[in-house]
Amino acid sequence: MPSQTSMPGDRRTRIRAKTIEPTMVDGNFEAAHVVLTGTHRGELMGTAPTGNSVEFGGIDMVRIQDGKVVEHWGATDMLKLLQQIDAVQT
């Protein structure tokens, strides 16, 4: 089942992982490219809800120890997200 999370600042908006593509495994480190989708239903970084559908990507890296994630680093394509909710010009 794809994972879901809330957008920053709004518990009503759900973001769904459309795809998760493992890109690297090296010892206890793993990395994946993730494509996320959702609908802009709450204020985000000062931008009022638009109702726009959004799709944007990110990279997540984790360190696994004893079968559990003990560290996480990530980067999200916030520019693409903000363009889709008309917060910045394309």
Side-chain angles (χ1 to χ4, degrees):
M1 172 191 285
S3 63
Q4 295 185 359
T5 188
S6 296
M7 288 183 78
D10 181 22
R11 296 281 179 213
R12 297 171 301 149
T13 300
R14 296 287 176 212
I15 294 296
R16 178 178 206 123
K18 179 179 177 181
T19 61
I20 300 173
E21 303 169 7
T23 56
M24 179 200 79
V25 175
D26 184 16
N28 61 344
F29 290 93
E30 297 182 16
H33 177 256
V34 181
V35 176
L36 305 166
T37 62
T39 303
H40 180 219
R41 293 186 181 141
E43 182 178 311
L44 179 65
M45 299 177 74
T47 301
T50 61
N52 292 357
S53 293
V54 296
E55 183 172 307
F56 55 99
I59 299 289
D60 287 294
M61 297 177 288
V62 295
R63 184 173 67 85
I64 309 292
Q65 182 176 322
D66 299 325
K68 297 179 182 180
V69 174
V70 294
E71 290 185 84
H72 170 261
W73 305 270
T76 302
D77 188 349
M78 290 301 292
L79 177 58
K80 186 170 184 179
L81 171 59
L82 293 173
Q83 288 171 332
Q84 292 175 67
I85 63 170
D86 302 321
V88 297
Q89 298 298 314
T90 56

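Residues take their numbers from the sequence shown, with the count starting at 1.
Contact check for Asn52 versus Asp86: side-chain heavy atoms found under the 4.5 Å cut-off. At a threshold of 4.5 Å between non-hydrogen side-chain atoms, the residues Leu44 and Ile85 count as touching.
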Would you give me the side-chain donor-acceptor pairs under 3.5 Å for residues 58-71, sequence neighbours excluded?
residue	atom	partner	partner atom	Å
Asp60	OD1	His72	NE2	2.7
Arg63	NE	Glu71	OE2	2.5
Arg63	NH1	Gln65	OE1	3.0
Arg63	NH2	Glu71	OE2	3.0

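Among all heavy-atom pairs drawn from Pro49 and His40, the shortest one is CA-CE1, 3.6 Å. Asp77 and Phe56 make their closest contact through O-CB, 4.0 Å (heavy atoms, listed as atom of the first residue, atom of the second, distance).
Side chains of His33 and Thr23: no donor on one and acceptor on the other come within 3.5 Å.
Here the side chain of Gln84 pairs a donor or acceptor atom with the backbone of Lys80 at under 3.5 angstrom.
For the atom pair CD (Glu55) and CD1 (Ile15), the distance works out to 10.5 Å, reported to the nearest 0.5 Å.
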**Prompt:** Where do Met45 and Met78 land on the side-chain contact (heavy atoms from CB on, under 4.5 Å) test, with the steps shown first?
**Reply:** CA-CA 11 Å; Met45 299 177 74; Met78 290 301 292; 3.7 Å; yes

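Lys18 pairs with exactly one of Leu36, Val35, Val34 by the side-chain contact (heavy atoms from CB on, under 4.5 Å) rule, that one being Val35.
Note: the hydrophobic cluster containing Leu81 also contains Ile20 (ILVMFWY, side chain heavy atoms under 4.5 Å, direct or indirect links).
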